[in-house]
Every structure is written in structure tokens, then in C-alpha cells.
Protein chains: 2
Amino acid sequence: MPSDHPDKPMRRRGRPPKDSARPYAETRQALIQAGLAILTEKGYSAVGIDQILRSVNVPKGSFYHYFKSKEAFGQALIDAYAEYFARKLDRFLLNTDIAPLQRLRNFIDDAGQGMARYAFRRGCLVGNLGQEMSLLPESFREQLSGVFEDWQQRTARCLRDAQAQNEIPADLDCEHLAAWFWIGWEGAVLRAKLEASTRPLDIFAEGFFLRLQT
Amino acid sequence: MPSDHPDKPMRRRGRPPKDSARPYAETRQALIQAGLAILTEKGYSAVGIDQILRSVNVPKGSFYHYFKSKEAFGQALIDAYAEYFARKLDRFLLNTDIAPLQRLRNFIDDAGQGMARYAFRRGCLVGNLGQEMSLLPESFREQLSGVFEDWQQRTARCLRDAQAQNEIPADLDCEHLAAWFWIGWEGAVLRAKLEASTRPLDIFAEGFFLRLQT
DNA sequence: GGCAGTATTAGACCGGGTGTCTAGTTTTTG
DNA sequence: CAAAAACTAGACACCCGGTCTAATACTGCC
């Protein structure tokens, strides 16, 4: 089951040659990538750094070369995930070829497909860590909170587009609605993991859209 | 900082006298109690059994006398929590002195106060474990899922009462709404832990009630 | 060619924890 | 007074945590 990297490029010991192939130049990036895959599944505290290092075939000794501590690594992961997700949100929610509410629907569908692809083992990194908060370095709190704030704003923009196009009533408070969406959405993701089904996502989404008609 | 139980009842070694005081007769109960307090805060996998044992001054060696494994202990905790919570739900939601929707509001307020009392460190055991699912014994899945099912039904009953008293439209599907409530509610709890505030709970609740007017 | 400096990693440090079980002590039962 | 029951001490046998120092292999400059 393991052996994510079956072939072992076998690192040499000293400083690597500058030239060709710079095969490990983006080791840092690879670590982040692997970290995301693992932490979205298992959270922060249950996962050791060498589990991650092993999965990308980076020697344990190297870790401190790339990150100054596990905490710093975690922060980098949150940033990377937030960034990745913000892009994804924008790709869906700012796509002017599609009616605003449909954009949101598409995003939700895509999220469900994403979860299904990983057999509902992976969730949302930010949600995972939020849940673990009491085990985490306090520095994570603000950071995670900020990420939600950011996602909310991106979502609110889409809702305002919907207002502009008269898809939803003009007197709704889009910021508030977006906040509401993200609060509930994380619950839906959690539940989807538990039930190993997209149904919770769908139920939640349906309710959300109904609420928009008021 | 530790020493949850400052006084040490100091257990003797062999079989305890049957007579008077049976001071440790409900050791099992104490373990469950302590387990709940700790697991609602930190989840299952991050917590070791002796952390719990120490907190109630039960020797490590005794554990297997009361539970056959950590997994069995976890199951007992889920049961205990589900039971405790079901009672609490009924106390609120079946209180016929109060209008149905107000019962639900009261429950929500109480939950917020409960979280505040523990400085937003404790969440919902079932939600916590749901989030951890990928680290848990598979046997937990159905059990947790069943607990949600149960809570949903209790909630649905209250909503039907609301229908009966014309607080909400008669054509709403109460089961569905209850499912929707619990999906989102766990998200709100998660978020409340993160923000260390009841606001997420309030925002979610408000949106929930609005939807009931449709 | 040699030497300073830089990039990278080996490998150990050290403490802690894991869940589990056996052997033993003390009581109760009959 | 023996046998069974109730309970616990303490170790077993791991595996792992995050961190850091010393060593190595390269580059760039003189």
C-alpha cells in the first residue's frame, strides 16, 4: 500500500551538482504537496514529519533545511492550501460565462467529485485543523480564521453578482450569507467523510439555495 | 497544571472489600466521564489511555479490567455521549411548556453557553470523531452515523410539533430539515471552536430559522 | 589548484508514548 | 481453608516524536 515513490532516486550526501536536472530543486514544493495530501486526510497532530518525508523520499535530516520547525511547515501548508483553494474558488465563482448561482452549484459539485475521488478520506485542510484547534500551536488560529474570511469574501462577490443579475433578492446581505455558507459547508464536508457519500453536501447545498429565495 | 484529582484515594492492591463505601464501584463510570471530558476536547487518536487513567487516578493496569481495548472504550464513550446528548435534546425539544421553535432556540443557546464555559475548547464528541474518521477503527463509522440519525429524529419530532402548532409551513419535510440542521450544526461547532466565539452558532441558527419560514 | 563558503544529509539524541498482558495480591464465597 | 473473583503493579516491546550537530559534496573565487 505505501511506496508512493516506488523508484528511489537515492540522494547523495553532500551538496548536489548545480547543473542539469536540478532534480531536487523543488523539494520544498514536493514536501508541501505531500504534506497537503496527508494532512487533508489525517490532520496535523496525528501525522509525523517523517511520514511526509518518507512519502517523497526526502531524508529526515533534510527537513530543517526546508522548514524551521513542524509549526512553520504547518503554516506553509495552510498558506499553500488557502492559495490553491482561492484559485479554485475564483475559477468557479468568477466565471462570467455562467450564471452566478450556477457557478456556486458547479463548485459544490466539483467538491463532491473531489471527495469521491479520494474515497471520502480527504476533507478540507482548514476544516480539519479547525477541529483540532485545541491540539495546535496557537499561531494557527488566526491564520485559519483568516483563510475562512478570505473564502467568504470570494463567495460574497459571487452572491453579489447573483443580485446584480436578479437571481436573488437585492436586500440579502451577501457577506452574511457567505459566512453562513462556509460555516455550514465545513459541517457538510465533515459529514460527507463520515458517511462516505456526497449526500450531506447535496442536502446542505439544497438548503442553502432555498434560503436564497427568501 | 495537571492534577485533576488532587487528592489521591490511593488504591490498595487486591480485591477491594465488598462492604461499605464501595468507593470504586463506579470506576468504570468515572473513566467514561473523564474520557468524555478529554475526548470532546482532543479527539480519539491524539489521546492515550493513561492520560485518561491518570486523570481519575486509576492505575494503568486496571484498564483492561474495565474495557477490553481502547477501541471498546471509544465505543462506550460514543454510546455514553449519545445517550447523554439524547437526554439533553429531549429535555429541550420535548418541553411542551414552550413553543416548539423556541425549544430549539433554547437548545442552541444552551449549547453556546456550554461551549463558552469550557473556553471553546470542547466540541461535540461525535463531530470530532467524524472528522478523524480516517484514523479511526472502521467500527466507529456506523456507530457515529447512527448517533446522528438518532439526533435527527429527535429534532424532526420537534419540527413536526412546530408544524402542528402552525409555527412553520405544513409542507416542509421535517426529516430533511433535521438532517440539514445537523449537517450544518457540526460545522458551526467546529467554527465556534476556531473563532472561540458563539457567533458561528448564532449565524447558523439564524439562517436555519429563516429557511423555516419558506 | 586550493580554499572558503554553501547546500545538503546521515544519523543519533533523548524523551516519551503506544496498547497490551502476565503475575501477583487481596478479598469473597462456599 | 481452599477456590474463585476482583483488582493492580509493573513491565513488555515497540515505534515515534521533533531537533540538531557533524560530516559530506559541491561551487566560486583567487
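Every chain is numbered from 1, with letters handed out A, B, ... down the list of sequences. Quick caveat, the model's predicted, so the values are computed rather than measured.
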task: Could you state the atom-to-atom distance from CZ of B:Arg54 to P of C:dG16 in whole Å?
output: 11 Å
field: Short side-chain N/O contact to D:dA6 OP1/OP2 from B:His65, under 4.0 Å
entry: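 Result: no.
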- prompt: For the side chain of A:Ser62, counting heavy atoms from C-beta on, which of C:dG19, C:dT9, D:dT8 is nearest?
  reply: C:dT9
message: Tell me if the side-chain of A:Lys68 makes a donor-acceptor pair with the base of D:dG18, cut-off 3.5 Å, by modelled atom types.
response: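 Answer no: no donor N or O sits under 3.5 Å from an acceptor.
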Rounded interatomic separation in angstrom, taking CZ from B:Phe63 and P from C:dG17: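 To the nearest whole Å, that distance equals 17 Å.
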message: Nearest whole Å is fine: how far is C:dG19 C1' from B:Phe73 CZ?
response: 13 Å
- request: Please work out which of the three classes, parallel, tilted or perpendicular, describes the rings of A:Trp180 and B:Trp180, given edges at 30° and 60°.
  value: tilted
- line: Atom NZ of B:Lys60 and atom P of C:dT22 are separated, to the nearest Å, by 16 Å
task: Could you tell me whether the phosphate oxygens of D:dT8, OP1 or OP2, come under 4.0 Å of any side-chain nitrogen or oxygen in B:Tyr66?
output: yes
task: Would you please enumerate the stems DNA chain C participates in, each stem being three or more consecutive Watson-Crick or G-U wobble pairs with both distances under 3.5 Å?
output: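 Stem list for DNA chain C: C:1-30 with D:1-30.
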message: Using whole Å, what does the distance between atom P of nucleotide D:dC16 and atom OH of A:Tyr44 come to?
response: 18 Å
message: Run A:Arg211 and A:Leu177 through side chain to side chain contact (heavy atoms under 4.5 Å, CB included) and show every step you take.
response: CA-CA 9 Å; A:Arg211 163 141 150 46; A:Leu177 277 172; 3.3 Å; yes
- request: Could you list the residues that satisfy salt bridge (charged side-chain N to carboxylate O under 4.0 Å, His left out) with A:Glu175, not counting sequence neighbours?
  value: A:Arg160
message: Check A:Arg87 with A:Glu83, please: is the shortest side-chain N to carboxylate O separation under 4.0 Å?
response: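 So A:Glu83 pairs with A:Arg87 through a salt bridge.
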query: Parallel, tilted or perpendicular: which describes the rings of A:Phe204 and A:Phe181, with under 30° parallel and over 60° perpendicular?
result: tilted
Name every donor-acceptor pair, under 3.5 Å, that has one atom in a side chain of residues 182-189 of chain B and the other anywhere in the protein, sequence neighbours excluded.
| residue | atom | partner | partner atom | Å |
| --- | --- | --- | --- | --- |
| B:Trp182 | NE1 | B:Thr155 | OG1 | 2.8 |

